[in-house]
Protein chains: 2
Amino acid sequence: MNKPARKTRSGARGSITIKDVARYAGVSPMTVSRVVNGSQYVSDATRQTVLQAVRRLGYSPNIAARNLASARGERMGLLYGNPSASYLSEFLVGALDAATRHGVQLVLEKCELTPAASRRAVRRLVSGGAVGAVLPPPLCESTVICAELQAARMQIVAVAAGRPPAELMCVRIDDFAAAREMTRYLLALGHERLGFIKGHPNQTASEERWRGFSSVIQEAGHLPAPRVEQGFFTFRSGLDAARKLLAAEPAPTAIFASNDDMAAAVMAEAHRRALEVPHDLTVVGFDDSLIASTIWPGLTTIHQPIAQMAGEAVDLLVTAVRGGKGHGPAESAHRLVAYELVARESAARPKGAAV
Amino acid sequence: MNKPARKTRSGARGSITIKDVARYAGVSPMTVSRVVNGSQYVSDATRQTVLQAVRRLGYSPNIAARNLASARGERMGLLYGNPSASYLSEFLVGALDAATRHGVQLVLEKCELTPAASRRAVRRLVSGGAVGAVLPPPLCESTVICAELQAARMQIVAVAAGRPPAELMCVRIDDFAAAREMTRYLLALGHERLGFIKGHPNQTASEERWRGFSSVIQEAGHLPAPRVEQGFFTFRSGLDAARKLLAAEPAPTAIFASNDDMAAAVMAEAHRRALEVPHDLTVVGFDDSLIASTIWPGLTTIHQPIAQMAGEAVDLLVTAVRGGKGHGPAESAHRLVAYELVARESAARPKGAAV
DNA sequence: CGGGAGGATGGTAGCGATACCACGACGGGG
DNA sequence: CCCCGTCGTGGTATCGCTACCATCCTCCCG
């Protein structure tokens, strides 16, 4: 004689289980499971009924049970190793949020850019049970890492690569268009003598940004040739580039740096030369990383919805991993998300310009 | 007739289960479970045997199964909402790592500092199934949030509160001692005219740092009174403070800002006045946040092992939640971790000093 | 010296979900 | 017209672990 109480109504803790849904929809638990997991072997009518029951009851699958039964750990790896590190924070927030939503575990792994370190990181990820990996920049550009991961049969999503290889899943903004918009913004303010600091040549996004900038300049036609310096996405490299740009005669009235760290460096160098930003010099960046809003005056820059991108990357990964079982091999998926030009205090009309 | 294969030897995927350990140790699975979960009802001899078996076999419990069976979702909340935001990234890394180690889920929740927003955030956390919460600064100072959380019967760990209430669990560095060390460092370099920028008065850590600084000054005795300005941990407030400090006659040769954002602002202002750091002015910060190593010259500062602290916070939380069941109420636990003075390029001997 | 308290251990029944098979209902070719 | 392949669905057996009891044994006290 067992105590019969407590099993009369669903789970002990009152949460909705798959059985509740099944009963409500008048089907078997199995069918509910199939619907929830997107199996093809369910009639449309049944599927609708079940989905409605799910919605009505507010059912959400118990992750622990699912993992236990399916023995698929469903851990997603997140390889990081970030030179321009302010990125990571927001990225993690977005990724973690999506992971929680899907009930998968996120496993972090730090990774230097050397081949040996890459291999080690990937191995740790594999032995940690990860079945997919998110690659924020600049790791997404590393062919070594990608090759290693693919050899381990992992799904990969690259985030914010400028021109990702077609066979990889990818989430990014349109760097080219964003750079164009920013450049047009500078021209619209009345700037004519422009300076540009390129990003790290290893990253394809750098070239996209540069292409965007120069395409607008060329279209405008009548402008003096912009001064261009090579940077490497670091504050230090921005400082060097700024020194050269500002030493020129005549100096540019506006400088477009390929990321925020370098833009911050331009501001620092400008101040050292007793140039007020934005009164004497307009400075704009790219990324809207933390430093952009930390410093004063705040940096006009291109906002990347980093958290959202990270979230979508995890979404993509989960879909690929789950779908990869039922359907064919993962179809190549590229996702473009919207950027936004954020105008803060670092950009204004050039000094002599008419209002 | 079922296929008998695959259950002959432990799990399908070859992983070690509790039964393997039990068989190896010659006890029942229940006993193994007790040992692993630290129940008191196990004899020492048995415990040793089991532990040895665990080690020998490399057993690690299946988290999914554990969560399923015990119906304890074991989600930990992480409330954030960070003005000095560069903190968050490293914090998340540490917290997530520890969470993965313990097999608990981390649930993020953003939270403004208003009472209404706090209440909402806590409610979301509760309904999300969190049983404990980590509070990074500055949230750990909010009595509203703490009260709300305690009302929801959650375990709380405050991180990096300067002087935490005794009844809260807490992980922090010794702000007082760290500030003392930094101040002594400045004196050892030969600085005598010092400036200090206080942190936000709402945060107890601010006062600890200030007390540390001034205690060393007082002990030294012979120095001119330091110039002190009130800051609020933001770049902007650091700029204002720096302006006042550097306008003084004679100006200080070294400025100690209560965090890195403000120190970065001091450097910016110094450069604007054509003062070279560290040649003309020494600037030091506190926290070793990202900006400290992003800018150039790099900031000499106090390194807080943020990731480690976040990890310990999660450890503490897990222990409290798990232990809270078998043992008495959680004993108050304060954990002090080691800080480190990181000397970068922003501090040097004062200009006129003998070498 | 017996009975009861309580420590140490084992047995059994799930937790909530999926894997795998079985089964009925179609539909088209031989 | 029957057989067989495929679709849609339900049943059953776990997945690895812990809750909850039942049990045995020891030791203390009256």
Side-chain angles (χ1 to χ4, degrees), chain A residues 1-23 25-50 54 59-74 103 322 325-326, chain B residues 1-8 10-23 25-50 54 57 59-74 103 322 325-326:
Chain A
M1 190 170 44
N2 304 326
K3 58 261 103 78
R6 154 176 194 256
K7 45 179 322 192
T8 44
R9 241 203 58 251
S10 76
R13 257 232 326 259
S15 62
I16 311 282
T17 78
I18 200 171
K19 281 188 194 159
D20 300 315
V21 179
R23 196 161 29 230
V27 298
S28 82
M30 265 321 298
T31 304
V32 176
S33 171
R34 278 194 272 263
V35 169
V36 169
N37 292 287
S39 157
Q40 51 181 320
Y41 293 97
V42 185
S43 72
D44 274 346
T46 310
R47 185 186 307 277
Q48 288 314 317
T49 316
V50 171
V54 166
Y59 167 73
S60 98
N62 180 312
I63 300 149
R66 168 182 289 180
N67 287 347
L68 178 55
S70 59
R72 69 154 105 101
E74 238 163 41
R322 298 213 172 132
K325 244 173 186 170
Chain B
M1 190 170 43
N2 304 325
K3 59 257 103 78
R6 157 184 192 246
K7 46 178 322 190
T8 45
S10 77
R13 260 233 325 262
S15 63
I16 311 283
T17 78
I18 201 172
K19 281 189 193 158
D20 299 316
V21 178
R23 196 163 28 233
V27 298
S28 83
M30 267 319 301
T31 303
V32 176
S33 171
R34 285 196 191 94
V35 170
V36 170
N37 292 287
S39 157
Q40 51 181 317
Y41 292 98
V42 185
S43 70
D44 275 345
T46 311
R47 185 186 308 277
Q48 288 315 316
T49 316
V50 171
V54 166
L57 266 45
Y59 167 72
S60 98
N62 179 314
I63 299 149
R66 168 183 291 181
N67 286 346
L68 179 55
S70 56
R72 66 157 108 99
E74 240 163 40
R322 298 212 172 133
K325 244 173 184 169

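By convention in this document, chain letters (A, B, ...) are assigned in the order of the sequence lines, proteins followed by strands, and residues within each chain are numbered from 1.
One interatomic measurement links the two molecules: CD1 of B/Ile18 to P of D/dG16, which rounds to 11 Å at whole-angstrom precision. As a whole-Å value, the separation of B/Ile16 CD1 from D/dC15 C1' is 16 Å. Remark: P of D/dC17 and CG of A/Asn67 are 14 Å apart, rounded to the nearest angstrom. Rounded to whole angstrom, the span from the OH atom of A/Tyr41 across to the P atom of C/dC26 amounts to 19 Å. Between the P atom of C/dC15 and the NZ atom of A/Lys19 lies a distance of 6 Å, rounded to the nearest Å. Between B/Arg34 atom CZ and C/dG10 atom C1' there is a gap of 8 Å when expressed in whole angstrom units. Between the CD atom of B/Gln40 and the C1' atom of C/dG6 there is a distance of 11 Å, rounded to whole Å.
Side chain to side chain, B/Thr46 and B/Ser43 meet the donor-acceptor criterion of an N or O pair below 3.5 Å.
Side-chain contact check for B/Thr49 versus B/Val27: every heavy-atom pair is 4.5 Å or farther apart.
Distance from the side chain of A/Met30 is smallest for C/dA19 among the nucleotides C/dC15, C/dA19, C/dA17. With D/dG8, C/dT18, D/dG10 as the choices, the nucleotide that has an atom nearest any side-chain atom of A/Thr31 turns out to be D/dG10. Considering only the side chain of B/Ser28, C/dG10 comes nearest among C/dA17, C/dG10, D/dT18. When distances run from any side-chain atom of A/Leu68 to the nucleotides C/dG16, C/dT18, D/dG10, the shortest one goes to C/dG16.
At the phosphate of C/dA8, neither OP1 nor OP2 sits under 4.0 Å from any side-chain N or O atom of B/Thr46. Residue A/Arg66 has a polar side-chain atom (N or O) positioned under 4.0 Å from OP1 or OP2 of C/dT18. Neither OP1 nor OP2 of D/dC15 sits under 4.0 Å from any side-chain N or O of B/Asn62. Distances shorter than 4.0 Å separate none of the side-chain N or O atoms of A/Ser70 from OP1 or OP2 on C/dA19. The shortest distance between the side-chain N/O atoms of A/Ser33 and the OP1/OP2 oxygens of C/dT18 is below 4.0 Å. At the phosphate of D/dC7, neither OP1 nor OP2 sits under 4.0 Å from any side-chain N or O atom of A/Ser43.
Checking side-chain atoms of B/Asn37 against main-chain N and O of B/Ser39 turns up no donor-acceptor pair under 3.5 Å. In this structure, the side chain of B/Ser70 engages the main chain of B/Arg66 through a donor-acceptor pair within 3.5 Å.
Side-chain atoms of A/Arg47 stay outside donor-acceptor range of the base of D/dG8, with no qualifying N/O pair under 3.5 Å.
For B/Ala65 and B/Gly26, each mapped to the nucleotide of DNA chain C holding its nearest heavy atom, the one lying further toward the 5' end belongs to B/Gly26.
Closest of all the heavy-atom pairs between B/Ile16 and B/Tyr59 is O-CD1, 3.4 Å.
B/Pro61 comes within 4.0 angstrom of the backbone, heavy atoms only, and of no base.
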